[in-house]
There are 2 protein chains.
Amino acid sequence: MKRGHRSRIRRDLRQEILAFIVRWYQQERTYPTVREIQKGLKISSPSVVDYHLRRLEEEGLIVRVGRRSRGIRLRRWPDGLAPEADLIPIPFLGSIAAGEPIPNPGATPLAWIRIPRLWLVDGNGLFALRVQGNSMVDALVGDGDLIIVKPIPQVEEGEMAVVWLADRHETTLKRVYREGDRIRLQPAHPAMTPLYVPAEVVHIQGKVVQVLRNLNGIPLPGGQYSPSTGREDK
Amino acid sequence: MKRGHRSRIRRDLRQEILAFIVRWYQQERTYPTVREIQKGLKISSPSVVDYHLRRLEEEGLIVRVGRRSRGIRLRRWPDGLAPEADLIPIPFLGSIAAGEPIPNPGATPLAWIRIPRLWLVDGNGLFALRVQGNSMVDALVGDGDLIIVKPIPQVEEGEMAVVWLADRHETTLKRVYREGDRIRLQPAHPAMTPLYVPAEVVHIQGKVVQVLRNLNGIPLPGGQYSPSTGREDK
DNA sequence: ATCTTAGCCGAACATTTGTTCGATGTCAAG
DNA sequence: CTTGACATCGAACAAATGTTCGGCTAAGAT
């Protein structure tokens, strides 16, 4: 490029540099160096890139990380492309079906499902369960749905909760109502009757905070590799 | 650490290095240098780190990228933590409600929602819509749900589709049945009657492939920054 | 007791990467 | 026509980063 070319394309080179950084990051999952940008955009000298990076920094579009290698950080990313805080691994503990206990949230998960962080108000301690059965269809939760459960000891009246019944040794998904010293576990299904149990056998394990359904089949949990087993991530 | 310390902790240092790289990447969204690993694990010399990295490479657990800075790549990542191919940006085009057209999928989206790539069989051309109304509750799709739509020109008999009615200038979400030269658009709601329309006014815009519901409120679409508008990512 | 090997270490070197500098050219403003 | 600002450029330098080297120690094998 000719020296000192002053026209509106000068601003385009800065846009090209920003776009290059985004493309590089999407492909390599790391930041480029000044010389990688230079070569990628066919610029003769790294000092040209450095010049424009300093202008971009003055414009508040990037941040430089001292003299560190690959130390260029974008302050703004195009939608859906930012590297930060993207997915939270939630342990998938299995299916919830009447008569079967689910493991404690601290148990070794069967798999992990990765939820975008932006979808979660509070990502701590969540776990995932597959719903078996149709007892909650009137709450728009169906057989095969994946539910994300927030472990809490109590729910609001009428909230949908994962409940452990100590006397029956079973877990169930129901709406919870207190009636005197009994608990009414209410299905959301026209043909099913509620279950009345003494309050002391009811252990709330958590409430449903999210429902995920893939109409083409069961949503794939994340890859199943864990460091202790050494199996490969897919 | 004492020189030549030979015991089972030698293998643990390699595991520590791998774990450090994962932690560093989760936090910084870039790979660490040899000296950053050295300092982070309180090792006296970068050559110790280099020694173990060479062992890890021989074991097939990492790959080195020539003599490049930050050139250590893990071949396996713990579940849910791999940097690659995580989120697909899907354009959020607005709400689907009777009487209101939705924009063409190519239109400028109102926002973007980021879906884990693993959840999508085919990520091409998908778009997201917010459901308004309860006409499809018996298909377990309710008011406020976010649906992911795959643009296709035809659906199977009885599939749930986003349909544009040219004569009424409205979009609707219904199950689609062919009856002679008419189309029956069937709500999934006990109190609603189907709509019969001439086949030629029916334009299938896509079918629902995923339903996402956040019981705490409306799922947040991804950040709203786009390069052309310059607004800040949140 | 001796030898071998793994692991650690500090120092130094090689290469990569970030940055500076002086020179040059172009264009708009005065 | 002159001046100043902007952009480019090659060369060189400074700092960061990857890698090598020789040495030391401890533990296992012989």
Side-chain angles (χ1 to χ4, degrees), chain A residues 1-21 24-25 28-74, chain B residues 1-21 24-25 28-74:
Chain A
M1 183 175 292
K2 283 193 177 295
R3 287 181 171 201
H5 204 74
R6 289 175 67 197
S7 72
R8 68 184 188 280
I9 70 171
R10 83 184 180 198
R11 187 173 146 72
D12 291 345
L13 184 50
R14 274 173 229 165
Q15 292 303 315
E16 281 191 64
I17 289 172
L18 291 175
F20 182 89
I21 295 169
W24 183 276
Y25 192 95
E28 305 291 336
R29 308 313 296 181
T30 190
Y31 299 96
T33 66
V34 171
R35 280 179 171 77
E36 282 163 347
I37 297 172
Q38 173 209 337
K39 288 178 180 163
L41 295 180
K42 297 178 170 40
I43 296 168
S44 300
S45 167
S47 58
V48 176
V49 178
D50 185 69
Y51 168 85
H52 286 290
L53 289 175
R54 280 188 280 111
R55 295 289 85 75
L56 288 168
E57 190 171 17
E58 287 167 7
E59 292 171 26
L61 297 180
I62 68 166
V63 173
R64 305 293 293 274
V65 186
R67 299 174 79 110
R68 294 299 206 176
S69 72
R70 304 179 189 281
I72 305 166
R73 299 288 178 268
L74 297 193
Chain B
M1 184 174 293
K2 285 193 175 294
R3 286 181 170 204
H5 205 74
R6 290 174 66 195
S7 73
R8 68 181 188 278
I9 69 171
R10 82 186 180 193
R11 190 174 143 70
D12 292 344
L13 185 50
R14 274 173 229 162
Q15 292 303 315
E16 280 190 66
I17 288 172
L18 291 175
F20 181 88
I21 294 168
W24 183 277
Y25 192 94
E28 305 291 336
R29 309 313 296 182
T30 190
Y31 299 96
T33 66
V34 171
R35 280 177 173 77
E36 283 163 345
I37 298 172
Q38 173 210 336
K39 287 177 180 163
L41 296 180
K42 296 178 170 40
I43 296 167
S44 300
S45 168
S47 58
V48 176
V49 178
D50 185 69
Y51 168 83
H52 286 290
L53 290 174
R54 281 188 279 111
R55 295 290 86 75
L56 288 168
E57 191 172 18
E58 287 167 5
E59 291 171 26
L61 299 180
I62 68 166
V63 174
R64 304 295 291 274
V65 186
R67 302 175 76 111
R68 294 299 204 175
S69 72
R70 305 179 186 280
I72 304 165
R73 299 288 178 268
L74 297 192

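Convention: sequence-line order gives letters A, B, ...; per-chain numbering from 1. Keep in mind it's a predicted model, so treat the numbers as computed, not measured.
Under the 4.5 Å side-chain criterion, counting only non-hydrogen atoms from C-beta, B:T30 is in contact with A:R73. You'll find the side chain of B:Y31 stays beyond 4.5 Å of the side chain of A:R70, heavy atoms only.
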Going through the checks in order, is the salt bridge (charged side-chain N to carboxylate O under 4.0 Å, His left out) test met by B:R54 and B:E57? CA-CA 5 Å; B:R54 281 188 279 111; B:E57 191 172 18; over 6 Å; no
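Note on B:R67: every side-chain N or O is 4.0 Å or more away from OP1 and OP2 of C:dT17.
Checked against D:dG18, C:dA6, C:dG18, the side chain of A:R35 finds its nearest nucleotide in C:dG18. Checked against C:dC9, D:dG18, C:dA6, the side chain of B:T33 finds its nearest nucleotide in D:dG18. The A:R68 side chain lies nearest to D:dT17 when the options are D:dT17, D:dC9, D:dT20.
Looking at DNA chain D, the stems built from 3 or more consecutive Watson-Crick or G-U wobble pairs, each pair with its key distances under 3.5 Å, are C:1-30 with D:1-30.
A:P32 and A:I72 make their closest contact through O-CD1, 4.1 Å (heavy atoms, listed as atom of the first residue, atom of the second, distance).
In this structure, the OH atom of B:Y31 is 24 Å from the P atom of D:dA16, given to the nearest Å. B:R70 has its CZ atom 13 Å from the C1' atom of D:dG18, to the nearest Å. Across the protein-nucleic acid pair, B:R64 atom CZ and D:dT17 atom P stand 14 Å apart, rounded to whole Å.
Position along DNA chain D of the nearest nucleotide to A:K42 versus B:P46 favours A:K42 as the more 5'-ward residue. When each of B:S45 and B:S69 is assigned the nucleotide of DNA chain D bearing its nearest heavy atom, the one mapping closer to the 5' terminus is B:S69.
As judged by a 4.0 angstrom heavy-atom cut-off over every strand, A:S47 is placed among the base-contacting residues.
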